[in-house]
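Single-structure report; data block below.
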Amino acid sequence: MEYKAETIYKQDDFIGFMKAYVHKTDNLRVMAKVSQICVRAAGVLLFFAGAFNMGKAGLDYFHGANFLTMRQASFQLVLIAAGVLLLAIRIDDVLGKIAWARYEGQGMKISYCFFDDYFTRTMQGNEHKFSYESIKSVYLDPYRYYLFVSGASAHIIPLASIDKGEAEAFGAFLQEKTCLEEANI
């Protein structure tokens, strides 16, 4: 055995996975960028709609008209709050949190062992063997490797979880075994 990693996935692993997933192809990167722009534009519109209506109501009140009812004012404040939320939200974070909430393996220990000709994943006592040829792409962020075996499925290997072998040399090992360049995200 060349490398061994044991981990219990956390929500941040899934958020990172979604960032890696979005960076896989030009089409996905463009769609993510367009989505983020649309969400921010909607946030700006909601914020300014609420702020404009509150400001207009204040001016009308100053000129003798009745101020907004509590219900009307509350609606405008909800618009402003929703606008601020949409300005602050990151799509890949939300998608990662949704994926994490649906993940049935929360709290389970996962072990990966990397050998010369194959690697294994053990979860709940069930060991599965994989060839390095099954890895279609390799992505790396500052904290983990993502070994994609299909368009939307990856083995997540946190760097801190590598307890046999040097984490710094793991990338070179993967490149040698998979003949794939790692992509930094």
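Quick caveat, the model's predicted, so the values are computed rather than measured.
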Between F119 and the options F130, F170, Y3, the ring-ring contact (aromatic ring centres under 6.0 Å, His included) test singles out F130

Going by the side-chain contact (heavy atoms from CB on, under 4.5 Å) test, name the single residue among V44, L46, L45 that passes it with F48. V44

Mind listing the closest non-hydrogen atom pair of E6 and S161 along with its distance? O-CB, 3.1 Å

Quick one: does L159's side chain get under 4.5 Å of L140's, heavy atoms only? yes

Can you list the residues that meet the salt bridge (charged side-chain N to carboxylate O under 4.0 Å, His left out) rule with R40, with sequence neighbours excluded? none

Should we say atom CD of E181 is surrounded by more than 12 heavy atoms from elsewhere, each under 6.0 Å from it? no

Hey, does Q175 have a side-chain heavy atom less than 4.5 Å from the side chain of E182? no

For E133, which residues count as a salt bridge (charged side-chain N to carboxylate O under 4.0 Å, His left out) partner, sequence neighbours excluded? none

Nearest 0.5 Å, what's the SG-CG distance between C38 and L86? 11.5 Å

Taking the side chain as everything from C-beta on, heavy atoms only, tell me whether L77 gets closer than 4.5 Å to M54. yes

Qualifying residue for side-chain contact (heavy atoms from CB on, under 4.5 Å) with V39, from V34, I91, L87: I91

Do Y146 and I185 pass the side-chain contact (heavy atoms from CB on, under 4.5 Å) test, and can you show the C-alpha distance, the side-chain angles, and the key distance before you say yes or no? CA-CA 10 Å; Y146 305 93; I185 54 171; 4.1 Å; yes

Is M123 reachable from I162 through a run of hydrophobic residues whose side-chain heavy atoms are each under 4.5 Å from the next? yes

Do I8 and K10 have side chains that get closer than 4.5 Å, going by heavy atoms? no

Please test D92 against I15 for side-chain contact (heavy atoms from CB on, under 4.5 Å), starting from the C-alpha separation and ending with a verdict. CA-CA 6 Å; D92 46 5; I15 291 171; 5.7 Å; no

Remaining members of hydrophobic cluster (4.5 Å side-chain criterion), F115: M1, Y118

Checking Y112, Y9, Y132, Y145 against H155 for ring-ring contact (aromatic ring centres under 6.0 Å, His included), the one that qualifies is Y112

Which value, rounded to the nearest 0.5 Å, describes the distance between T122 atom OG1 and K129 atom NZ? 12.5 Å

K56: salt bridge (charged side-chain N to carboxylate O under 4.0 Å, His left out) partners, not counting sequence neighbours: D60

Roughly how far, to the nearest 0.5 Å, is CD1 of I157 from CG of D13? 10.0 Å

Before accepting this row, confirm whether a basic side-chain N of the pair K177/D116 lies closer than 4.0 Å to the acidic partner's carboxylate O. yes

Rounded at 0.5 Å granularity, tell me how far CG in N53 sits from CG in L79. 7.5 Å

Can you measure from CD (E127) to SG (C113) and round to the nearest 0.5 angstrom? 7.0 Å

Please work out whether the ring planes of F114 and F173 are parallel, tilted or perpendicular, with thresholds of 30° and 60°. perpendicular

Is the number of heavy atoms from other residues, nucleotides or ligands within 6.0 Å of OH (Y103) greater than 12? yes

Drop me the distance from T178's OG1 to K136's NZ, to the nearest 0.5 angstrom. 11.0 Å

If you define the side chain from C-beta out and look only at heavy atoms, does anything of L174 sit under 4.5 Å from L180? no

Quick one: list whatever passes salt bridge (charged side-chain N to carboxylate O under 4.0 Å, His left out) with D12, sequence neighbours left out. none

Contacts of F148 that satisfy ring pair (Phe, Tyr, Trp, His ring centres under 6.0 Å) - sequence neighbours left out: F17, Y139

If you compare all heavy atoms of K109 against all heavy atoms of S111, which two are closest, and at what distance to 0.1 Å? CE-OG, 4.0 Å

